[in-house]
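Got a structure for you, written out below as structure tokens; questions coming shortly.
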Amino acid sequence: MHRERMSGVDRAWLRMDSPRNPMAIVGLFSFAEPLAFDQLSRLFAQRLLRFERFRQRVEEDLAGHWWVDDPSFRLSNHLKRVRLPDTGETALRGYLDRMVAQPLDFSRPLWEMHFVERPRTPPALAIRIHHCIADGVALVRVMLALAADDAAPPRRRRRARAAADDSSAWQPWLDAAAGAARSSLWLGGEVWAESRRTLEAPGHALDLAQAGTRVVADAVQILAMRSDTPTSLKGELCGTKAFAWNDPLPLDEMKPVCRALGASLNDVVLACVTGALRRYLLNRGDALAPDAEFRAMVPVNLRAADAEPSLGNCFGLAPLVLPIGIESPIERVHEIRARMRELRGGFQPALAFLLLAVLGPLPAGLQTVVLEYLAGKASAVMTNLPGPKAPVQLAGARVARMLFWVPQSGDIGVGIAILSYAGAVQFSIRADTALCPDPQTIVDGFAPEFERLVLTLAMLPNGVLAGEPPAPGEVECMLGLQWA
């Protein structure tokens, strides 16, 4: 029987599992056309099960945690068929809520997919995979490998790397540096790309001594991080999750706004997220001072963009502080752009990856203390994943909508997901109902915030945005606007 030691990082995610925050990544594919269950089942048997993690369960002994082939594995235990009597999106959200409320069976491989059929409506595929198997970027790549016309068998992960994760605390740093992300559009790429250039060619931006100083400064910043502004989205969790999503926003509508503001797509998307959170909190009665902040821990991919699909966790975390105290949509964009510039070139994602690798082999109690201390400094986990630019097909059926949510740790009760797919941006939320009983209210505020930004921009005289960003209140004063 094949047996492989679990890496320190994967083990850390396994032990973060708790009743109030199960460590499962959740996904939802909605199809645009009919799809036969038997056809999907054959595809998974041929392609998904090539990835050995989907056939392995987790075992623990005195030496640690291991991936072990499940001798009683049956695909039917993990790929299930469900029929809902209602065709609406509300019924689908409710089923997703109920699905994640049931704990995964740790005596089997830690994943399941539900083929959800509805009357007179194309099916959907609800996905739940424990974080110890893979991170969000890995799962997107695996699903794309399933969708490919001739998916090639993935390379077997090097066992030497898995052993090195436990034998050397510095090996994860070297692996992360060597496999850094190359994307420049989404947050992970923007934060990590500059760090990677510094590691590969220190003369590009900093000399080696300056890079070392930045590493030390980032480590101190992580350990000395202060809590963000207390709001009604922080508090004690009940463990019941609710999901919400909206209609995607076309990228073609957002790009002209980015050009007019001299901002990236990421800056504009994050400004809209910030505005939606601000409006939600104000409507709930939260008092937000102008300097109020909402910190989100953002996973940053550390893989090479051209790496073959493989499972496991290879990402760090960057703390992004959203300026929820700023009223003006345009000022929010400029402030977020400035904060993104501060994050670029930092080593916090790689340091966070290293921290997980070090904590994995240590006693579970020590890991819990450290991670819950860090989780207490944030209000949300926010993912920003680049999906396929064109629609994909799975078992011959076109995927109309693609959604992913990552879990939260400690007492973080809100997960915000941004995913690009087929020329549009999809915004969705997973929230603990004790803190946010109706996350759909936040999601529904995303498009109106973009519309406010467009309206403000359209009313400005020509040339106003040329040069320096506007001073606080300048744009609204000029136009006589008052935003909530």
Side-chain angles (χ1 to χ4, degrees), residues 9 12-26 97 100-101 103 128 130-132 135-136 187-188 221-244 270 273-274 276-278 280-281 284 286 292-300 313 315-322 324 348-349 351-353 355-356 359 364 367-385 404-418 427-439 441-443:
V9 176
W13 284 105
L14 175 71
R15 298 195 309 191
M16 278 189 235
D17 202 281
S18 71
R20 66 184 189 277
N21 263 331
M23 288 293 110
I25 295 173
V26 179
D97 297 346
V100 301
R128 187 163 57 137
H130 199 285
H131 212 314
C132 69
D135 55 38
L187 181 59
Q221 187 174 354
I222 290 175
L223 296 175
M225 190 186 306
R226 63 181 179 86
S227 298
D228 56 353
T229 304
T231 69
S232 56
L233 290 177
K234 295 188 76 165
E236 187 175 347
L237 309 183
C238 69
T240 301
K241 309 297 181 183
F243 293 82
L270 292 176
V273 171
T274 305
L277 288 168
R278 170 183 169 81
Y280 173 81
L281 290 169
R284 291 190 71 175
D286 286 59
E293 296 179 330
F294 185 94
R295 181 178 288 112
M297 302 304 292
V298 181
V300 176
N313 289 275
F315 70 96
L317 293 169
L320 177 64
V321 181
L322 303 177
I324 56 173
Q348 290 187 12
L351 287 169
F353 181 84
L355 178 63
L356 287 177
L359 289 174
Q367 173 185 313
T368 300
V369 170
V370 174
L371 294 180
E372 291 199 352
Y373 167 78
L374 295 175
K377 308 298 181 182
S379 296
V381 172
M382 183 165 65
T383 58
N384 201 343
L385 290 172
F404 280 100
W405 297 269
V406 297
Q408 299 80 57
S409 61
D411 282 327
I412 296 178
V414 178
I416 302 170
I418 305 165
F427 181 60
S428 55
I429 286 184
R430 174 190 193 184
D432 190 277
T433 56
L435 302 182
C436 184
D438 185 17
T441 306
I442 303 178
V443 173

- Apply side-chain contact (heavy atoms from CB on, under 4.5 Å) to the pair Asp97 and Phe243, showing each step before the final yes or no. CA-CA 7 Å; Asp97 297 346; Phe243 293 82; 3.1 Å; yes

- Just by distance, do the side chain of Glu236 and the backbone of Lys234 share a donor-acceptor pair under 3.5 Å? no

- Task: Examine distances only and state if a side-chain atom of Ser379 and a backbone atom of Arg295 form a donor-acceptor pair shorter than 3.5 Å.
- Result: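 The answer is no, because no donor-acceptor pair under 3.5 Å joins these two groups.
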
- Task: Check whether any side-chain heavy atom of Pro22 sits under 4.5 Å from a side-chain heavy atom of Val100, and report yes or no.
- Result: no

- Item | side-chain contact (heavy atoms from CB on, under 4.5 Å) assessment of Leu320 paired with Leu270 | CA-CA 10 Å; Leu320 177 64; Leu270 292 176; 3.6 Å; yes

- Item | Distance-minimising heavy-atom pair for Met297 and Ala378 | CG-CB, 3.6 Å

- Task: Using atom types as modelled and distance alone, determine if a side-chain donor or acceptor of Asn313 lies under 3.5 Å from a backbone N or O of His131.
- Result: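 Pair found, side chain donor or acceptor close to backbone of His131.
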
- Message: Test your reading of the model: is there a side-chain donor-acceptor pair from Asp432 to the backbone of Lys241, 3.5 Å cut-off?
- Response: no

- Kindly indicate whether the side chain of Phe404, heavy atoms from C-beta on, has any atom under 4.5 Å from the side chain of Ile25.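 The answer is yes, as the side chains (C-beta and beyond) meet within the 4.5 Å cut-off.
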
- Task: Go through Phe427 and Ile416 one step at a time and tell me if the side-chain contact (heavy atoms from CB on, under 4.5 Å) criterion holds.
- Result: CA-CA 8 Å; Phe427 181 60; Ile416 302 170; 3.3 Å; yes

- Leu14 versus Met23: any side-chain heavy-atom pair under 4.5 Å? no

- Query: Is the backbone N or O of Ser232 less than 3.5 Å from a side-chain atom of Asp286, with the two atoms forming a donor-acceptor pair by type?
  - Reply: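 Yes, the answer is positive, given that a donor and an acceptor are paired below the 3.5 Å cut-off.
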
- Flag side-chain contact, heavy atom, 4.5 Å: Arg430 against Pro407: yes

- Message: Leu281 vs Leu233, test: side-chain contact (heavy atoms from CB on, under 4.5 Å). Steps then yes/no.
- Response: CA-CA 8 Å; Leu281 290 169; Leu233 290 177; 3.9 Å; yes

- Message: Testing the basics here: between His130 and Asp17, what is the closest heavy-atom pair and its distance to 0.1 Å?
- Response: NE2-OD2, 2.9 Å

